[in-house]
Amino acid sequence: MRLFKRFLAVVLLVSVTWICSSTVDAATAPKQTKPGFAFPTENITIEVWWHEYGPFTAYVKELIEAYKKLHPNVTVNATIASSTDMNQKLTVALASGTGPDIMDADASYYVAYYAKGILEPANLGVFGVKSYPELAARYVSGGLASGTFDGKIYTLPYQGNSMSLFINNKLFAAAGLDPKKDAPKTWKDLMALGPKLKKVEGKRTVQKAFEFPYHSPRWQLQDLQPLTEQFGGKLLSDDGKTAYLNSPETLKALTLWRDVTKACGDPKNTKSTASNPNQDFLDGFTAMWITGPWATPQVQASPIKNDFTVVGLPQVNPAKPHTMVYGWAWGVNKNKPENSKIVAWDFVRFMLSKPDEWLAKAGFVQPIKGVSETPVAKKFPFFNVHMKDVQTATWYMRSENVNEIAQAVGRAVDSVVYDDADPKTALDAAQAQVEKILKK
Amino acid sequence: MSASGSTQSRSLRKLFRLNIAAKQALFAYAIILPTLAVIVIFRFLPMLQAFYISLHEYDLIRPPTFIGFRNFIDLVQDPLFLQSAWVSFIYVVFSCVPVWVLALALAVLFNREIRAKNFFRSATFMPVVMPAVVNAVVWTFMYHQDGVVNTILAWFGIDPIPWLRSSKWALWAVILIGIWRATPYYMVIFLAGLQAIPQRYYEAAQIDGASSWNQFRHITLPLLKPTTLLVMVMSVIVALKVFAVPLIMTGGGPADATRVLPLFIYQTAFEFFKMGRAAAMSVFLFAAVMIFTIFQIRLFSRGED
């Protein structure tokens, strides 16, 4: 009898422990299933840098405190910089040998850091896996593509944003449209909505139906890339050595961009800026706008509140959907002591272990399998739409020269939209500029 | 041993037995030495370093590779650099010339006995006190379709102008802010110059029956020559270095219409991470500033010769 009671107690204890641990996060991906490494026992200080965004900063600080409780021998120092300055600060710091143990960067910049030999590959033991494909299998297809180089995973994204179409319900209703039934599935559908939603009084545009971005070349690249891919082309070869900016597909994409703009937008009138990219949509000046799930809290805090709808990115051919994913990721500095790198990767694993909390507290979507099943994701407005777009996406262009390529793309788009330049001529010029850059 | 020691100390005393002028000069050098050291370390050495980097290919992380003058050769063949240099040239010409005229006119006005002179002087000086970033943000709103500038134009039946969102207008919009911001600063310098002109020259000219215009032309302008040279040199240098306003208001766009040289240098260095190329551009900019300055000084000293 005593033996049975002991057995029952053990079973109960194991069950309670299992239930508790499984309720913490049922769908997490990078969790340590089996310790395959020795955690350092000496006192270790690591430095982590990230870009400023209020809810994100608050959550990472919370994670640091929790990690310190788990590992009293570890001190985590934090440095926060604005998103626009982060790449400059990081590069300068890494150049002077004062860079952090854990860095946070726009996923498209990591290819340059990899090429410069700064990145430490993911510590498989920390993640309890035997191979990189095993780690990648925890993510949605292509979820780690931005940080995988030569078969090894070097960075892990804490946000992989789809670019989906946000619709202002009130503006739709005022035009006699239903945001669910009349939401555009194709670019042709979207252009057809132009006359109903765009309002001009005299020579003043008082409402735009839809607008592409003009506040930053990087955003322009962000929209031209999926458009080109929807036509079956690409802007850059996989090895990043050949540009296809004046290919027939890119030409079709830019021509469509111009035609959509003429029918639906007015790029000469906008309050959107690099620091407030969604401003025209938040002000109710634009009825439809392409942005990521991270914009949801901003929209909810604006006069629009919850009166909005999110649908998938319009397509050239809905049967073959193609979208774009953009985000930020954690990486570990290769030029640090071995034990610091182990702790750094373990802290990254710890930080990423609760994707539902990332969504709830920062509004960031990790491209991880199973995240859609969490209660938080089920409550997040249009989460499945965002995830569906992620699943048909390729990551934002990976190139050491991504900023220069974005500038060339932005220049071509601007000259077509603002100066009525011929798209072919504009793209030929962009191609010549990029070829020159890649040649070097 | 002790005899040789005393001989040495005597010769040392003799060496340091300086006259008063030499001691004063030594003291003066000692005083300026720390400042001089700071200037050399933080001004001249970085300039030399920039020239050194301009001869290399350097991305900040990988070690620099010596490439000789290739960066300079590439630059003169690069249409984007030439376009940017042209934008800077247009900015300098069309922001400086109006500033010289307006600043002098305002200085002459405020040098006269007018009502509430101090209030108007202070009010005019306000744009100089405001940080460039604040100026840029405020003007961005003012230039919007429904902003103050287009509202005023609408009173005269003029359609709204897409000031910052048109490659035709954007540079002029940025130039206008440059004029608005610089004029009061140089007005104060002109004002100081005007107040240094002895009043008796004007009194003598009045007794001789000289008109106001003749007084301005034959007394004010010649005696303001050193001040004018200072204003011209300073304003050209400041205009060639304009950066914050185009960065914040347009980011250099649309279609590179406002990408002045300093902005292109910044992008090349800290967005494209091509430090060697950016340094070569800086050397070009430095050369342009030097050429402008020497040209202006020569122009002004010609009459004196």
Side-chain angles (χ1 to χ4, degrees), chain A residues 84-85 87-97 99 109 112-113 115-118 202-206 214-218 220 266-271 273-275 285 335 400-408 410-419 421 426 429 432-433 436-437 440, chain B residues 57-64 67 70-71 74 77-80 83 136-137 140-141 143-147 150-151 153-154 157-170 247-259 264 266-277:
Chain A
T84 45
D85 293 343
N87 195 33
Q88 287 97 313
K89 282 184 191 296
L90 206 48
T91 306
V92 172
L94 292 166
S96 58
Y109 289 140
Y113 293 148
K116 290 166 188 171
I118 287 164
K203 290 204 170 179
R204 305 173 86 83
T205 302
V206 293
Y214 296 95
H215 58 269
S216 141
R218 283 187 64 90
Q220 288 172 315
D266 180 4
K268 289 181 177 172
N269 288 305
T270 175
K271 281 184 185 167
T273 61
S275 49
F285 188 47
N335 303 314
E400 271 201 74
N401 306 102
V402 65
N403 280 343
E404 275 181 287
I405 296 172
Q407 287 268 349
R411 202 173 291 123
V413 171
D414 280 0
S415 62
V416 168
V417 170
Y418 290 110
D419 299 334
Q433 287 154 20
K436 205 173 164 188
I437 294 160
K440 285 177 185 168
Chain B
E57 196 172 86
Y58 182 40
D59 65 6
L60 273 177
I61 305 231
R62 286 174 283 218
I67 54 165
R70 202 200 298 160
N71 280 326
D74 281 354
Q77 295 169 345
D78 181 0
L80 297 179
Q83 155 78 6
V137 172
T140 302
F141 287 115
Y143 277 139
H144 189 253
Q145 178 184 252
D146 302 316
N150 276 326
T151 304
L153 291 178
I158 300 169
D159 290 328
I161 294 171
W163 290 101
L164 300 175
R165 294 288 172 176
S166 152
S167 51
K168 192 173 128 196
W169 289 101
L247 173 75
I248 294 164
M249 296 183 78
T250 61
D256 290 350
T258 57
R259 188 154 77 168
F264 197 21
Y266 168 80
Q267 288 176 333
T268 306
F270 297 108
E271 287 183 16
F272 311 155
F273 296 105
K274 293 186 171 168
M275 301 304 291
R277 198 175 169 81

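Chain A is the first sequence line, chain B the second, and so forth, proteins listed ahead of strands; every chain is numbered from 1. Being a predicted model, the structure only gives us computed values, none of them experimental.
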Self-check item: Distance in Å, A/Asn269 CG paired with B/His144 NE2, rounded so as to fall on 0.5 Å steps
Solution: 5.5 Å

Quiz item: In terms of heavy-atom proximity below 4.5 Å to chain A, should B/Leu80 be classed as side chain, backbone, both, or neither?
Solution: side chain

Quiz prompt | Partner set under salt bridge (charged side-chain N to carboxylate O under 4.0 Å, His left out) for B/Arg62, not counting sequence neighbours | solution = A/Glu400, B/Asp59

Quiz item: Does any heavy atom of chain B fall under 4.5 Å from the side chain of A/Ala412, the backbone, both, or neither of them?
Solution: neither

Quiz item: In terms of heavy-atom proximity below 4.5 Å to chain B, should A/Thr270 be classed as side chain, backbone, both, or neither?
Solution: both

Quiz item: Using non-hydrogen atoms only, which part of B/Tyr266 is less than 4.5 Å away from chain A: side chain, backbone, both, or neither?
Solution: side chain

Practice problem: Working to the nearest 0.5 Å, report the span between CG of A/Asp414 and CG of B/Asp256. | Solution: 8.0 Å

For residues 268-275 of chain B, run the donor-acceptor check on the side chains, cut-off 3.5 Å, and write out each pair with its distance to 0.1 Å, sequence neighbours left out.
{"from": "B/Thr268", "atom 1": "OG1", "to": "B/Phe264", "atom 2": "O", "distance (Å)": "2.7"}
{"from": "B/Lys274", "atom 1": "NZ", "to": "A/Glu404", "atom 2": "OE1", "distance (Å)": "2.7"}
{"from": "B/Lys274", "atom 1": "NZ", "to": "A/Glu404", "atom 2": "OE2", "distance (Å)": "3.3"}

Quiz item: Short question: side chain of A/Arg204, backbone of B/Gln145 - any donor-acceptor pair under 3.5 Å?
Solution: yes

Exercise. Please answer whether the main-chain N or O of A/Asp266 pairs with a side-chain N or O of B/Arg165 as donor and acceptor at a distance below 3.5 Å.
Key: no

Quiz prompt | Reported NZ-to-CG distance for the pair A/Lys271 and B/Asp146, which is rounded to 0.5 angstrom | solution = 6.5 Å

Exercise. Check whether B/Arg277 gets within reach of chain A through its side chain, its backbone, both or neither, counting any heavy atom under 4.5 Å.
Key: side chain

Quiz item: What part of A/Thr205 lies closer than 4.5 angstrom to a heavy atom of chain B: side chain, backbone, both or neither?
Solution: both

